[in-house]
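In what follows, a structure is listed as structure tokens, so that the remarks can point back to it.
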Amino acid sequence: MGRVAEVDLTWSPEEEAFRHEARAWLAANVPCPPLPSGDTRDGFAAHLEWERALFEARWSVVSWPERFGGRDASLWEWLIFEEEYYRAGAPQRVTQNGIFLLAPSIFEFGTAEQRERILPRMAAAQDLWAQGWSEPGAGSDLAGITSRAERDDAAGGWRLFGQKTWTTRGAFCTHLFGLFRTDPAAERHRGLTYFLADLRSPGVTVRGFERLDGDEGFAEVFFDGAFVPDRDVLGEVNRGWSVAMATTGSERGLTLRSPGRFAAAAGRLVELARSRGAPGALAERVVQSWIEARAYELFTLEQVSGIVTGDQPAARSSLNKLYWSELDVRLHETALELLGTDGEADGPWSRGFEFALAGPIYAGTNEIQRNIVAERLLGLPRA
Ligand SMILES: Cc1cc2nc3c(=O)[nH]c(=O)nc-3n(C[C@H](O)[C@H](O)[C@H](O)COP(=O)(O)OP(=O)(O)OC[C@H]3O[C@@H](n4cnc5c(N)ncnc54)[C@H](O)[C@@H]3O)c2cc1C
């Protein structure tokens with residue numbers, strides 16, 4: 001599984017100063033009462049105001065270079081910011097598919113022109129990105145997609161055809177990144193290209209639909225000849241698979257679900273147990289959740305130590321995904337049992353539980369992550 005990196009668990013005075021600055025800003029600015037769900041139309045609009053306030057104060061993308069709206073913060077400082085962000089109970093990041101998933105791939109595979117053009121608008125929440133992987137006939141088997149792009153030489157680009165589905169907050173976004181088949185004759189994983197599409201273009205129809213919890217942020221997106229210029233191909237034509245795998249590494253690994261999220265949730269669980277009392281076995285489960293959140297934090301610190309010295313197999317992000325998604329379900333189950341039958345019907349714990357149940361599905365199901373761990377990290381034969 002690769003070398004175990006040496007981890008320094010102390011923070012420098014500069015890192016502590018960064019933490020204090022973030023904590024003070026968040027204490028003064030986090031909306032109270034909390035914003036409505038960002039997966040509803042009104043809630044999304046309220047979250048955009050928050051995103052723009054973060055950007056104005058240069059907290060929206062702390063680890064990016066200053067010229068794109070960031071603070072040039074190190075990965076360690078980013079972890080500190082995340083910890084403070086969740087600790088303060090700050091709003092969900094409705095820009096996450098852009099800033100946490102697409103942006104790392106633009107830094108890695110994009111041209112200088114793409115970085116200059118796309119990243120500042122993403123940081124400022126002017127362009128809002130949805131993820132276009134899944135199709136009605138292709139989820140786990142992403143290489144089975146049938147959406148396609150046809151060359152339009154006269155116009156200098158491509159025409160997109162097909163349907164994407166389950167696009168989170170797609171109904172409210174302005175842009176979509178996704179894979180489309182550009183060489184139907186090629187073997188499945190080849191012949192795919194990674195496109196950056198404007199959802200407001202002619203030939204695009206976005207149809208929002210509800211999740212089980214009633215929020216309306218999912219969308220199906222239909223392409224019928226929508227034009228994408230050559231400058232909006234990310235990476236090389238027919239080489240989109242490797243770019244997409246880099247994006248999924250960000251989604252499963254550190255960037256989408258940093259340890260601060262679970263440390264904060266475990267802290268709230270301990271407070272709940274203290275306020276309501278927890279009989280023996282439940283008290284043990286509360287402690288177990290707290291230990292698991294701390295273990296995830298230590299695992300990610302070790303992981304970052306590896307990343308900064310250039311020693312991290314990409315498949316390790318599947319370990320993160322398995323761990324955080326299953327921890328999240330257990331933690332919320334324990335909270336609901338603590339609340340008991342007189343617990344909240346539609347409060348933060350029950351809504352959090354419903355969303356936690358989706359964790360083993362989105363970002364690639366946990367069965368698929370177990371296959372990846374078995375084959376690529378443990379070297380077992382292919383399933
Ligand atoms: C909350 C949420 C948000 C999402 N957001 C987005 C988004 O923004 N953009 C996007 O593109 N998609 C999104 N998705 C879709 C998600 O990526 C897919 O649901 C997921 O990849 C599984 O695909 P599927 O639903 O087609 O299930 P299927 O692939 O049909 O799988 C069905 C079952 O079979 C199992 N299975 C399949 N193949 C194997 C195998 N080889 N070995 C073992 N078991 C297997 C799966 O684990 C699963 O249990 C989202 C999903 C959820 C729940």
Side-chain angles (χ1 to χ4, degrees), residues 37-40 44 92-103 105 128-147 160 162-181 188-189 192 194-197 199 206-223 240-241 243-245 247-252 255-257 315 317-318 321-322 324-326 328-329 332 351-376 380-383:
S37 164
D39 290 270
T40 60
F44 188 80
Q92 68 181 122
R93 302 295 305 270
V94 293
T95 51
Q96 67 178 26
N97 283 345
I99 61 173
F100 292 151
L101 307 193
L102 174 58
S105 296
L128 303 160
W129 290 87
Q131 181 191 45
W133 292 160
S134 307
E135 298 181 1
S140 301
D141 184 19
L142 183 57
I145 62 164
T146 56
S147 290
L160 306 184
Q163 181 189 349
K164 299 289 177 181
T165 191
W166 308 120
T167 50
T168 294
R169 289 184 284 280
F172 314 137
C173 287
T174 58
H175 290 74
L176 172 141
F177 58 92
L179 277 183
F180 291 79
R181 196 163 292 286
R188 277 159 35 99
H189 296 79
L192 298 171
Y194 196 124
F195 286 98
L196 307 173
L199 291 173
V206 179
R207 195 176 71 80
F209 64 98
E210 283 185 6
R211 302 193 310 206
L212 268 183
D213 62 9
D215 284 2
E216 69 227 75
F218 267 143
E220 292 178 296
V221 184
F222 299 87
F223 294 92
W241 183 256
V243 187
M245 288 306 101
T247 307
T248 57
S250 302
E251 183 175 16
R252 292 166 189 166
T255 43
L256 184 65
R257 294 288 180 251
S317 62
S318 293
K321 205 264 156 165
L322 283 165
W324 60 249
S325 57
E326 294 180 1
D328 208 27
V329 173
H332 282 85
R351 287 186 68 84
F353 175 64
E354 281 168 13
F355 190 69
L357 289 179
I361 303 172
Y362 67 82
T365 68
N366 283 12
E367 289 79 14
I368 297 300
Q369 306 317 308
R370 287 196 161 83
N371 286 349
I372 294 171
V373 170
E375 291 165 18
R376 297 203 213 139
L380 297 175
R382 282 182 65 83

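Ligands are counted one by one from 1 in listed order, and the atoms in each one are counted from 1 as well.
- By the 30° and 60° cut-offs, the orientation of the rings of Phe209 relative to Phe218 is parallel.
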* To do: Evaluate the salt bridge (charged side-chain N to carboxylate O under 4.0 Å, His left out) criterion for residues Arg351 and Asp215: first the C-alpha distance (whole Å), next the side-chain angles of each, then the deciding distance (0.1 Å), finally the verdict.
  => CA-CA 11 Å; Arg351 287 186 68 84; Asp215 284 2; 3.0 Å; yes

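- For Asn366, no heavy-atom contact with ligand 1 is shorter than 4.0 Å.
- Taking every non-hydrogen atom of Asn371 and a distance limit under 4.0 Å, the qualifying atoms of ligand 1 come out as 40 (C), 41 (N), 42 (N), 43 (C).
- Of the protein's non-hydrogen atoms, the one nearest atom 9 (N) of ligand 1 is Gln131 O, 2.8 Å.
- Between Phe180 and Phe195, the two ring planes are perpendicular [angle over 60°; tilted spans 30° to 60°].
- Near Ile368, meaning under 4.0 Å from one of its heavy atoms, ligand 1 places the atoms 38 (N), 39 (C), 40 (C), 41 (N).
- When only non-hydrogen protein atoms are considered, atom 43 (C) of ligand 1 lies nearest to Glu367 CB, 3.8 Å.
- Under the 3.5 Å distance criterion, with hydrogens and angles disregarded, a donor-acceptor pair is assigned to the side chains of Asn366 and Ser325.
- Here the protein heavy atom with the shortest distance to atom 24 (P) of ligand 1 is Gly139 CA, 4.0 Å.
- Between Tyr362 and ligand 1, no pair of N/O atoms sits closer than 3.5 Å.
- Note: an N/O pair closer than 3.5 Å links Thr168 and ligand 1 by distance alone.
- When Lys164, Glu135, Arg207 are each tested for a side-chain contact (heavy atoms from CB on, under 4.5 Å) with Glu220, only one passes: Arg207.
- Residue Ser140 places at least one N or O, backbone or side chain, under 3.5 Å from an N or O of ligand 1.
- Close approach to Ile361 involves these atoms of ligand 1, each under 4.0 Å from a residue heavy atom: 19 (O), 20 (C), 53 (C).
- Of the listed residues (Trp166, Tyr362, Trp241, Tyr194), just one forms a ring-ring contact (aromatic ring centres under 6.0 Å, His included) with Trp133, and that residue is Tyr194.
- Counting only heavy atoms of the protein, atom 15 (C) of ligand 1 lies nearest to Ser134 OG, 3.3 Å.
- Nearest non-hydrogen protein atom to atom 14 (N) of ligand 1 is Trp166 CB, 3.5 Å.
- When each atom of ligand 1 is checked for a heavy atom of Thr365 under 4.0 Å away, the hits are 22 (C), 46 (C), 47 (O).
- Under a 4.0 Å N-O distance rule, the pair Arg188/Asp141 qualifies as a salt bridge.
- Minimum interatomic distance between Ser318 and Gln369 (heavy atoms only, all atoms of both residues): OG-OE1, 2.8 Å.
- The local environment of CZ in Arg376 is sparse, with at most 12 non-hydrogen atoms from other residues, nucleotides or ligands closer than 6.0 Å.
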